[in-house]
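See structure below.
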2 protein chains.
Amino acid sequence: MKATIVQEKVAQAVEILREKGVDVWLTFVRETSAGYDPVLPMIFGSQTLTWESVLMVTAGGETIAITGNLDKTLADDTGAYGTILGYDQSIQPVLLETLRRLDPRTIAINISRDDVFADGLHHGMYLKLLDFLAGTPYAERLVSAGEVIAALRGRKSAAELTRLRQSVATAEAIYDVVFAEMKPGMSEAQIAQIMLAEVAQRGLTTAWAEQSCPGVNAGYAGVVGHASPKDNRAQRGQVIHFDFGVRENEYCSDIQRVVYLLREGETEAPAAVQRAFDTIRIALNAAAAAMKPGITGQGVDAIARRIVVEAGYPEFMHATGHQVGLETHDGGTVLGPAWERYGQTPFGRLEAGQVYAVEPTLVLEGYGIIGLEEDVVVTENGAEFLSHPQQALILL
Amino acid sequence: MKATIVQEKVAQAVEILREKGVDVWLTFVRETSAGYDPVLPMIFGSQTLTWESVLMVTAGGETIAITGNLDKTLADDTGAYGTILGYDQSIQPVLLETLRRLDPRTIAINISRDDVFADGLHHGMYLKLLDFLAGTPYAERLVSAGEVIAALRGRKSAAELTRLRQSVATAEAIYDVVFAEMKPGMSEAQIAQIMLAEVAQRGLTTAWAEQSCPGVNAGYAGVVGHASPKDNRAQRGQVIHFDFGVRENEYCSDIQRVVYLLREGETEAPAAVQRAFDTIRIALNAAAAAMKPGITGQGVDAIARRIVVEAGYPEFMHATGHQVGLETHDGGTVLGPAWERYGQTPFGRLEAGQVYAVEPTLVLEGYGIIGLEEDVVVTENGAEFLSHPQQALILL
């Protein structure tokens, strides 16, 4: 039987625990339809666990699920756990019995100040875990699973890369449709609707919430970013900026494109628009060229940021890039500046197998938002584009 | 303009803060597509916040959203926040400035050992919040928002009740279809597919994950509960047990039904099946009759549990009931026994406006699972059924 992605990732976790010198990785969840831990799609799949449950992976290669008796078959269905233990009234006895048997020196749990994907343990659940471990030596052996999760999430397997390539290809195909069908005079919402219809027709969903996916910005309405497409109409002489991706087979793409609507008589964009586009294109390519294993996220960000600022444009107030995968913003190392908001994430070093969306932007007063975003995979030899980079303004 | 449910719930939160003597309720989130807090659908809606964001409601009636500048329009779109503050590099300065202005004596945050819906603050975020508040008097004024959230989530507004009634009516309509179309010899998966097709045709989703919604159990396969419909085939002489609900306009229904497949020549179910059904029906009705404001969840549970056990059946290893609303298991007070697994939740007292699914069950060896589940709203005068209680075995 072909291993599922959950089976692949749980097996990969064993290797990462050995590399990081962690004995046990322990994920503690309950009612996951509401008390969600973002590692679950990787190590359990889309099914929900109802009662308090523990998923453990050990450096010794054991994979253990402790769930309510009603949920044991769900754990079994994953095919990823060699030992499945159930309970009815309290998880504590079987949890302690298992820990005593394993007697780990370190137990990594899902807490992280900086990485939302490694911070799945809710505070009340943390307190419960401490209650359960009271009087044992294990409370003092708890450490953050941040590095384990970042490595596991970031290093895409071959099956994951295949899915990401497909998700990127679909987003690009939908871009082709909208560029063929959009017309001056349409509202941002109408243009977005063309893309949403294509998403629905393929039985897919957008990579992030439809309120802002696709983001369609005709001209510059004073707001960059996660805003809803509004009744603002696309006019000739404007830049139309797009931010869009799909979720296909669970994996997300994230791509920005820039269109210029030619005025009557124009055959090319005004020099100001062309220069801004070239600046962003150069910034993106320079960042991508630097993306080799070992460079920090901050190092990559600084390259793109400097090119934009030194060309005389306002500095973009977001990171140059982020990882993509099961989520559009997939956590771990960020290609970002050393701002408080990004915590430690810009100081991580790039690893082979990571997939990033690279997205420098600028606002060009009078025309609109110039922002490109391409998806790339880091290899031992450097970055390889998964998307087809936009090399020229799309003139309509 | 008609108030949305988010606007209704945020306004209701002000009243609850006054009642509970809490000055400020503070929800602290980031990247909510992954770092989900289950209060967000109530107080923010379905849009996702990307950067660290704070939503505050005060007993004085202020409603404040602090978000990244890119997300300010999303906060504005809710229509629920009177003050919307943005930031680019760090949320800390504007958060502290706001707290100093309000100078609350108590700040309720989303932490709870027992209620998953009141435990939305992840542990790393809790540590970040403490970092932000270091050197101020506010770290020592943090309290649990558990009671605030349980009251807010539990006490359904008129608009919420309208949606819940609709969700129940749709689930019942889909039950009518499957009872008309199912046949002996069909697999559990085929029977489930009839229902899933009806859900899809209405443009809805199931109330919980499709892997176990509907739950269809033909006979007794040794597993009760959250298991996937398998290739097990429905046979004459078996009890077919269903557990199903839909999510419609965001609100969930949760209903169980019991069918008996008559053997050749039978005109009624065997006495053993009839007696088990009557026991569960009586247990459910007795529990519902006791559901008045003021009784504890444990008090309601004990009534149904005792009827089942005293009739000589095995004790069901789950609570007699749970609240339903935005989620199928909607948190707060549970109609459950004093088992460790349920924490403090069985000791809560019922309040008018709460909606519960009441679901005593038993396993009848040789026949299958006998489980009924009806959705009821608690009023000042007692429980009122939202569903049409199953009064007799469905004989097919």
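Note on naming: letters A, B, ... go to the chains in the order of the sequence lines (proteins, then strands), and numbering restarts at 1 for each one. Quick note: numbers below take in every heavy atom, side chains included, and nothing from hydrogens, waters or symmetry partners.
Chosen from G35(B), S46(B), S112(B), the residue pairing most often with chain A at heavy-atom distances under 4.5 Å is S112(B). Per-residue heavy-atom pair counts under 4.5 Å with chain A were compared for Q89(B), K128(B), E327(B), E52(B), and the maximum is reached by Q89(B). Comparing Q92(B), E340(B), K72(B) by how many heavy-atom pairs each has under 4.5 Å with chain A, the most go to E340(B). When the candidates D114(A), T328(A), D76(A) are compared by the number of heavy-atom contacts under 4.5 Å with chain B, D114(A) comes out ahead. Contact count against chain A (heavy-atom pairs under 4.5 Å) is highest for I111(B) among I109(B), I111(B), I91(B). Listed options P38(A), S90(A), G124(A) were ranked by heavy-atom pairs under 4.5 angstrom with chain B; first place goes to G124(A). When each of Y87(A), Y36(A), Y342(A), W339(A) is scored by its heavy-atom pairs under 4.5 Å with chain B, the top score falls to W339(A).
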Pair M125(A)-R30(A), side-chain contact (heavy atoms from CB on, under 4.5 Å): steps then yes or no: CA-CA 9 Å; M125(A) 289 289 277; R30(A) 65 175 162 195; 3.3 Å; yes
With side-chain contact (heavy atoms from CB on, under 4.5 Å) as the test, would you mind laying out the steps for I43(A) and W25(A) before giving the verdict? CA-CA 11 Å; I43(A) 65 166; W25(A) 175 28; 3.8 Å; yes
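Residues T32(B) and L40(B) form a side-chain contact, since some pair of their non-hydrogen atoms from C-beta on lies under 4.5 Å apart.
Residue contact with chain B, scored on non-hydrogen atoms closer than 4.5 Å, involves the side chain of F117(A) exclusively. Proximity to chain B is absent for every atom of D330(A), based on heavy atoms less than 4.5 angstrom apart.
Not counting sequence neighbours, the partners of F244(A) by the ring-ring contact (aromatic ring centres under 6.0 Å, His included) test are Y175(A).
Rounded to the nearest 0.5 angstrom, L152(B) CG and M42(B) CE are separated by 4.0 Å.
Formation of a donor-acceptor pair under 3.5 Å by the N232(B) side chain with backbone atoms of A218(B) is found in this model.
Remark: R113(B) engages D131(A) in a salt bridge, criterion side-chain N to carboxylate O under 4.0 Å.
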